[in-house]
There are 4 protein chains.
Amino acid sequence: MIIMMNAPAADQVRRVQEKIAQFGLESHLLSSPDRIIITAAGDLEAVNPEQFERLPGVERVIPVATPFKLASRQFRGDATEVAVGAARFGGPAVPVIAGPCAVESYDQVRETALAVKAAGAAMLRGGAYKPRTSPYSFQGLEEEGLKILAAVGRETGLPVVSEVTDPRAVELAAAHLDMLQVGARNMQNYVLLKEVARANKPILLKRSPAATVEEWLMAAEYILAGGNPNVVLCERGIRTFETGTRYTLDINAIPLVKLLSHLPVMADPSHGTGKWKLVGPVAKAALAAGADGLMLEVHPCPEEAMSDGSQSLTVNNFRQLMKDLAVLSAALGRGESPATAGGK
Amino acid sequence: MIIMMNAPAADQVRRVQEKIAQFGLESHLLSSPDRIIITAAGDLEAVNPEQFERLPGVERVIPVATPFKLASRQFRGDATEVAVGAARFGGPAVPVIAGPCAVESYDQVRETALAVKAAGAAMLRGGAYKPRTSPYSFQGLEEEGLKILAAVGRETGLPVVSEVTDPRAVELAAAHLDMLQVGARNMQNYVLLKEVARANKPILLKRSPAATVEEWLMAAEYILAGGNPNVVLCERGIRTFETGTRYTLDINAIPLVKLLSHLPVMADPSHGTGKWKLVGPVAKAALAAGADGLMLEVHPCPEEAMSDGSQSLTVNNFRQLMKDLAVLSAALGRGESPATAGGK
Amino acid sequence: MIIMMNAPAADQVRRVQEKIAQFGLESHLLSSPDRIIITAAGDLEAVNPEQFERLPGVERVIPVATPFKLASRQFRGDATEVAVGAARFGGPAVPVIAGPCAVESYDQVRETALAVKAAGAAMLRGGAYKPRTSPYSFQGLEEEGLKILAAVGRETGLPVVSEVTDPRAVELAAAHLDMLQVGARNMQNYVLLKEVARANKPILLKRSPAATVEEWLMAAEYILAGGNPNVVLCERGIRTFETGTRYTLDINAIPLVKLLSHLPVMADPSHGTGKWKLVGPVAKAALAAGADGLMLEVHPCPEEAMSDGSQSLTVNNFRQLMKDLAVLSAALGRGESPATAGGK
Amino acid sequence: MIIMMNAPAADQVRRVQEKIAQFGLESHLLSSPDRIIITAAGDLEAVNPEQFERLPGVERVIPVATPFKLASRQFRGDATEVAVGAARFGGPAVPVIAGPCAVESYDQVRETALAVKAAGAAMLRGGAYKPRTSPYSFQGLEEEGLKILAAVGRETGLPVVSEVTDPRAVELAAAHLDMLQVGARNMQNYVLLKEVARANKPILLKRSPAATVEEWLMAAEYILAGGNPNVVLCERGIRTFETGTRYTLDINAIPLVKLLSHLPVMADPSHGTGKWKLVGPVAKAALAAGADGLMLEVHPCPEEAMSDGSQSLTVNNFRQLMKDLAVLSAALGRGESPATAGGK
């Protein structure tokens with residue numbers, strides 16, 4: 001830990017050094033023309049930098065150890081592999097999760113599931129609880145939606161994932177789903193994170209559009225610290241000034257997460273771009289950047305996804321994209337191609 | 001509603017016009033060199049622009065009516081006044097809510113409460129449930145913290161406000177508090193918004209550091225639509241590229257909210273700057289921009305707030321700031337000065 | 001300077017220490033569980049952190065000294081006062097610079113100048129060289145515009161300021177103007193900064209919408225280092241995700257600049273909001289935050305500024321705002337009110 | 001063009017309709033509960049939306065035609081191919097431009113040039129005029145640097161590109177270089193854009209870290225409208241809140257530019273990430289997203305690029321990356337691999 005002091009009084013310096021000693025840390029002082037710097041070394045686990053930040057004369061405290069432990073490469077050097085049914089995230093293969101944005105009906109989900117499975121999808125997605133910006137928008141079929149997903153999952157053999165938004169619904173959702181998704185808006189909903197940590201199912205943790213990679217890994221730390229080691233991270237675009245796309249998919253974040261953490265990281269180009277015409281190129285980009293999986297919105301009704309405004313692919317778009325991804329995956333040496341990853 | 005189509009086929013145009021007719025809207029078509037535009041007028045309440053965005057050939061749909069209704073100026077022209085005990089938000093006076101970041105002990109809260117009340121604070125704040133980025137940081141005294149706040153509130157006559165993070169704890173919190181705060185990280189936690197809408201207490205809705213003003217008003221709409229008309233908005237800084245301050249307090253948002261909505265809007269310069277030395281100037285700025293209230297972090301232990309790294313004011317800083325705000329408030333014609341607003 | 005190394009090899013550590021010694025600095029080493037930290041103290045003026053950042057094993061280098069010297073509070077403790085004719089920036093008074101966005105004609109400028117002077121403006125502004133996003137938009141009257149400004153300045157006794165965009169036009173502009181403006185888009189146009197540093201006129205340096213406060217002060221450092229001590233900084237809004245306003249005026253930046261630098265800092269609420277209805281409240285906010293001046297767009301043709309889309313005030317809006325600012329200025333103890341600042 | 005009016009007066013509506021008629025456009029009026037909308041169709045080329053935005057009662061004007069013409073897909077449907085010596089941008093191949101950040105000496109540039117050419121680079125880059133945040137940092141060898149580049153270019157047969165920052169130096173630079181680069185900080189330096197438009201050399205136009213894709217294309221429009229059709233766009237990262245990387249490379253921008261424009265677009269993962277360990281994965285991502293070229297910083301002195309803090313690749317890193325890119329390029333059907341694109 002490094003403590004910077006701006007032209008401090010002698011007693012202010014003494015207080016900082018005393019506090020360092022209280023924690024059983026070794027301190028060292030050095031002065032530059034306009035500042036005094038005190039370094040503290042030793043076991044920093046128990047030390048909260050804020051306790052030093054608040055001391056008089058202190059300008060800035062730089063914690064040296066990474067704030068996340070269980071999620072860090074230091075804690076675990078080799079990549080974690082998370083299995084959801086036959087799908088494996090973090091291994092050589094790159095499973096693709098596909099399905100409609102929202103669960104509308106059994107037929108719609110079944111039709112989509114059969115189509116995406118035939119195209120090589122490894123898992124089925126669909127929203128049962130929809131966090132909507134407007135209270136007047138469709139809020140999802142809720143429990144009925146979970147049942148539809150579970151039924152179609154059994155029927156098609158595809159593991160199913162869906163978002164949970166209410167800590168009171170986690171247990172119910174876990175009974176119907178193979179994987180629980182914590183959505184972007186809830187990435188820092190710590191009450192929900194603690195609840196899913198208790199669920200005996202793998203968690204898909206989407207990045208908040210306003211979270212740094214470090215904050216994202218801290219959210220994962222909540223789940224890991226809560227006793228659930230099966231976390232898959234998903235980059236889905238951050239909020240920037242660019243208005244030509246709905247979000248800016250942070251491609252840098254994929255290799256950065258791999259540098260900092262042992263957890264698998266996937267990408268969601270549908271939300272990350274907001275425009276179906278950009279989904280294909282960005283999906284390929286994410287795969288090339290090292291993504292351990294892809295999440296794609298596929299809409300059963302072809303025509304409806306033909307507009308620029310929509311982020312959903314048609315079944316035909318998806319089928320073609322899966323072919324391209326398979327070729328790319330092979331070229332990248334990602335073992336079996338997405339088109340068969342986790343197949344039956 | 002305006003629908004833009006990029007070089008569409010004749011039948012694509014026909015489908016859009018048919019769909020407009022289905023909603024009983026009047027449509028009009030006009031073509032420009034590189035586009036066709038179809039406008040739809042009439043009762044747009046029931047129309048979801050997405051339904052058109054998904055039609056083939058559609059490039060973009062521009063909803064003309066504002067997405068929020070109950071929170072809009074169109075719905076209610078005159079300003080809403082929200083009363084919390086003797087404090088009134090949205091009226092001439094500008095109440096100041098002050099207190100420690102976290103409730104640590106009865107003595108700490110009591111000492112701070114007496115000090116800020118003497119300096120003119122109208123309400124007491126303190127965190128009982130702390131959303132922390134790290135699972136290893138202090139998470140708050142929870143129910144014990146609520147009891148401390150309630151006791152000190154009774155003793156000092158100051159209404160108390162604290163953040164709720166768990167929908168399951170809303171009822172308990174409402175029993176102890178005079179006002180419930182929805183924190184920035186939970187602004188789009190719709191499950192929580194629906195729960196506080198059912199609580200019979202005024203709500204302090206903080207803006208998410210990643211939310212546009214429109215999304216913020218949509219979050220308020222959830223509470224209003226849920227049957228709770230007593231919502232006070234609080235700007236607390238948005239996330240930008242600037243690293244010299246913790247957040248960027250969006251001063252523009254204060255007059256913008258007043259232009260768009262009838263709800264009271266206050267500011268939190270402590271979180272909005274992250275540096276106590278900037279809190280005073282930015283508090284004055286928010287008042288001058290038209291804020292209906294201020295929320296300030298005040299720490300009982302003077303020395304601890306003397307560091308640049310801290311966003312808390314000492315009691316002395318606070319006392320001086322309240323004097324300055326009183327003068328400013330008078331000059332701005334905001335009726336009684338903050339230093340007495342809601343006081344007795 | 002602090003050098004962090006991530007599990008480095010012994011010889012990598014040695015190389016860093018040797019390099020520190022080469023600069024005649026004192027180094028100290030300390031190790032934490034997952035890192036080694038080397039601190040370097042002494043005369044850091046001549047040291048470029050990059051030289052260390054590039055050494056093998058080095059993860060991060062934290063320069064301790066501020067990168068700007070002449071612009072820093074350390075270099076000069078008391079506030080710099082910049083005089084432009086009778087207007088003084090950085091003193092007790094708060095001069096207001098007003099005028100049209102672009103110089104269109106002698107009559108338009110003269111009419112505006114007389115109106116804003118009567119209302120209390122201390123300086124006249126108007127664009128002769130207009131940086132336009134589109135090559136097809138009006139690019140300004142250029143030299144003809146400068147002559148109009150100079151003539152109206154002489155006639156009204158108002159010092160004039162206008163933007164320069166071409167290093168080849170600086171000398172010409174300096175011959176006609178009392179103050180040269182470097183616009184937001186050119187804040188990091190170092191060729192232009194070096195040229196205006198040579199001009200014998202005060203410089204108004206606008207902040208780039210994408211620059212941190214530190215980068216802004218580094219741009220000022222170019223002018224100061226070039227021999228021109230008369231720099232006035234102007235915050236005009238940064239680029240954020242918010243689309244409800246054209247830019248987000250960074251109110252935090254005003255007290256932050258005063259903390260870090262001795263240079264005067266003013267605000268431009270017209271560009272900072274992009275909506276004339278927000279200009280008044282935000283102008284008051286900037287004044288309350290400690291701004292040393294205000295720049296306001298005033299359009300001579302009343303009706304044209306009545307639209308929400310416009311950021312220009314009408315002469316009547318401006319007259320009323322100046323009255324409000326005068327009251328506020330007095331309450332803030334900013335000596336003579338804007339309405340008379342710089343008035344002969 | 002669409003003009004929205006918020007509860008306007010009858011005469012305000014009339015004025016808008018009259019102005020539309022003046023431009024010989026056909027107008028149509030429709031009213032919704034809270035607004036009146038007037039649409040204008042016809043030849044909008046000559047119409048500046050601002051002229052309507054300023055009319056009383058007007059809330060917002062939505063231009064329907066894209067603001068850029070020559071750079072748009074509407075203007076030219078097929079992709080533009082820009083040739084620089086043997087390198088072709090916008091064709092099947094994906095040329096790689098490599099070289100040191102700054103030109104330090106003849107030997108350094110020569111050594112790097114020979115190494116990157118052997119590895120398959122199609123062009124050589126190096127900075128002669130360095131825009132530096134600090135006036136105290138090395139500003140480049142300027143003319144001497146241009147001569148070194150030209151000499152090494154002749155010697156190795158690699159076309160050379162370097163940044164120009166001063167309109168007065170464009171002619172000189174054009175005499176020495178095969179391609180002129182307009183750097184990110186100067187993307188909206190219109191004086192420079194007009195000057196390079198007159199140069200008889202292809203232009204590499206980097207995106208400003210604060211520019212939207214539309215503003216970037218508008219900057220290209222300046223060069224095209226100035227008579228220079230040979231523009232290659234380069235995405236180099238935008239400024240966001242993320243601090244884990246120096247910039248956020250906007251991967252979405254690559255397919256978005258291809259959707260909107262016929263100009264070639266390349267990517268610079270070195271600046272886009274700021275960390276050499278992320279350069280490889282992000283370079284592959286850009287290629288997979290459809291980039292027409294890559295720009296990579298390669299440092300001749302191996303050890304110096306071994307730090308996380310550096311964005312430069314070593315020659316060995318580069319050699320390996322070129323092999324990977326060649327495989328990927330083939331899988332993507334980008335004709336000849338980067339490793340040979342534009343080769344002798």
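Nothing here was measured: the structure is a model prediction, and the numbers come from that model. Numbered from 1 within each chain, the chains take letters A, B, ... in sequence-line order.
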Roughly how far apart are [X] [atom1] and [Y] [atom2], rounded to 0.5 Å?
X: A/Thr248; Y: D/Glu242; atom1: OG1; atom2: CD; value: 12.5 Å
X: A/Thr240; Y: D/Ile238; atom1: OG1; atom2: CD1; value: 4.0 Å
X: A/Thr273; Y: D/Ile251; atom1: OG1; atom2: CD1; value: 12.0 Å

Which atom pair, heavy atoms only, marks the closest approach of [X] to [Y]?
X: D/Leu278; Y: A/Leu256; result: CD2-N, 3.6 Å
X: D/Arg207; Y: A/Phe241; result: NH2-CE1, 4.4 Å
X: D/Leu328; Y: A/Ala288; result: CD2-CB, 4.3 Å

Among D/Gly290, D/Gly237, D/Ala283, D/Ala285, residue most engaged with chain A (heavy-atom pairs, under 4.5 Å):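 Among the listed options, the one with the most contacts to chain A is D/Ala285.
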Max heavy-atom pair count under 4.5 Å with chain A, selected residue of D/Ala291, D/Gly244, D/Ala289: D/Ala289
Chain A contact via D/Ala211 - which portion, at a heavy-atom distance below 4.5 Å: backbone
Student check: side-chain heavy atoms of A/Pro255 and D/Val282 closer than 4.5 Å: yes
Chain D interface, residue from A/Asp324, A/Leu260, A/Thr245 that has the most non-hydrogen pairs under 4.5 Å: A/Thr245
Check: A/Gly272 main-chain N/O paired with D/Asn252 side-chain donor or acceptor under 3.5 Å: yes
Non-neighbouring partners of D/Arg236 that pass side chain to side chain donor-acceptor pair (under 3.5 Å), sequence neighbours left out: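 Result, side chain to side chain donor-acceptor pair (under 3.5 Å) vs D/Arg236: none returned.
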